[in-house]
Amino acid sequence: MKPAVREWIAKAEADFHSAQREYRARQRPNFDAACFFSQQCIEKYLKARILEAGFEVPRTHDLPVLLDVVLPVEPLWESARPRLETLTSYAVVFRYPGDSATRALAKTAIANARWVRSMIRSAFRLR
């Protein structure tokens, strides 16, 4: 595995743990952050796989766009598209006034991230 790929994976894991921590906080849980970090986790995992495959990593937060780049080497990942479409908006929507995530939405975001994360980690043969 390329060193830069390991860095992307480490950042993705940090985001996944941040999402869980924000969701589980006993005092002042930040559901907006849980959704944001869920999206960021998967964005970084997808970019890691793109980089490992030797493709140029696009500068985008749009997870389906990243999926389209990696599909030639991971065609079975098409099954993740609905989850990626849901997670994509969390890169921006809750970072600014106007909308706030609920506990239920954060729980779903983390569940979607967990599912996609597991699929990607399997491709990397990570536990």
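Just so you know, these numbers use all the heavy atoms, side chains as well, and skip hydrogens, waters and symmetry mates.
Separation of atoms CZ (R121) and CD1 (I9) is listed at 7.5 Å; rounding is to 0.5 Å. Atoms CG and CZ, on L126 and R117 in that order, are 9.5 Å from each other to the nearest 0.5 Å. Atoms CD1 and CD, from I50 and E52 in turn, are 12.0 Å apart once rounded to the nearest 0.5 Å. Rounding to the nearest 0.5 Å places OG of S38 at 8.5 Å from CD of Q20. The distance from the CG atom of D62 to the CG atom of D68 is 8.5 Å, given to the nearest 0.5 Å. Taking CD of E43 as the start and CG of L84 as the end, the distance is 11.0 Å to the nearest 0.5 Å.
Contact detail for R95 and A91: the closest heavy-atom pair is CD-O, 2.9 Å. Across all their heavy atoms, A4 and L51 have their closest contact at CB-CD2, 3.6 Å. When all heavy atoms of N112 and R83 are compared, the pair lying nearest together is OD1-NH1, 3.2 Å. Closest approach of V73 to A53, counting heavy atoms only: CG2-CB, 3.9 Å. Here the closest non-hydrogen pair linking A106 and C35 is CA-SG, 3.7 Å. Shown here for S79 and P82, the closest heavy-atom pair between the two residues is O-CD, 3.6 Å.
The closest side-chain heavy-atom distance from F37 to H17 is not below 4.5 Å. No side-chain heavy atom of I120 sits less than 4.5 Å from a side-chain heavy atom of E74. Residues P64 and T88 are in side-chain contact: their nearest non-hydrogen atoms beyond the backbone lie under 4.5 Å apart. Taking the side chain as every heavy atom from C-beta outward, L105 and F31 never approach each other to under 4.5 Å.
Sorted by first and then second residue, the pairs that involve residues 21-34 and meet side-chain hydrogen bond (donor to acceptor under 3.5 Å, both in side chains), not counting sequence neighbours, are S18-R21.
Connection of I110 to M119 is not established within any shared hydrophobic cluster, with ILVMFWY side chains joined at heavy-atom distances below 4.5 Å, either directly or through further cluster members. A single hydrophobic cluster is seen to contain both L71 and W115, as judged by linkage of ILVMFWY side chains at heavy-atom distances under 4.5 Å, directly or through other members. Hydrophobic clustering places Y45 together with V116 (ILVMFWY residues linked when any side-chain heavy atoms are closer than 4.5 Å, directly or through intermediates). Tracing side-chain contacts under 4.5 Å through hydrophobic residues (I, L, V, M, F, W, Y), one reaches V69 starting from L67; they form part of the same cluster. The hydrophobic cluster containing L46 also contains W8, counting ILVMFWY residues as joined when their side-chain heavy atoms lie under 4.5 angstrom apart, directly or transitively.
One N or O on the side chain of S122 and one on the backbone of S118 form a donor-acceptor pair closer than 3.5 Å.
With salt bridges taken as basic N to acidic carboxylate O contacts below 4.0 Å, none links E7 and K11.
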**OP:** Using the side chain to side chain donor-acceptor pair (under 3.5 Å) rule, take Y90 and Q40 through it: C-alpha gap first, then chi angles, then the decisive distance, then the call.
**Re:** CA-CA 9 Å; Y90 304 153; Q40 286 290 290; over 6 Å; no

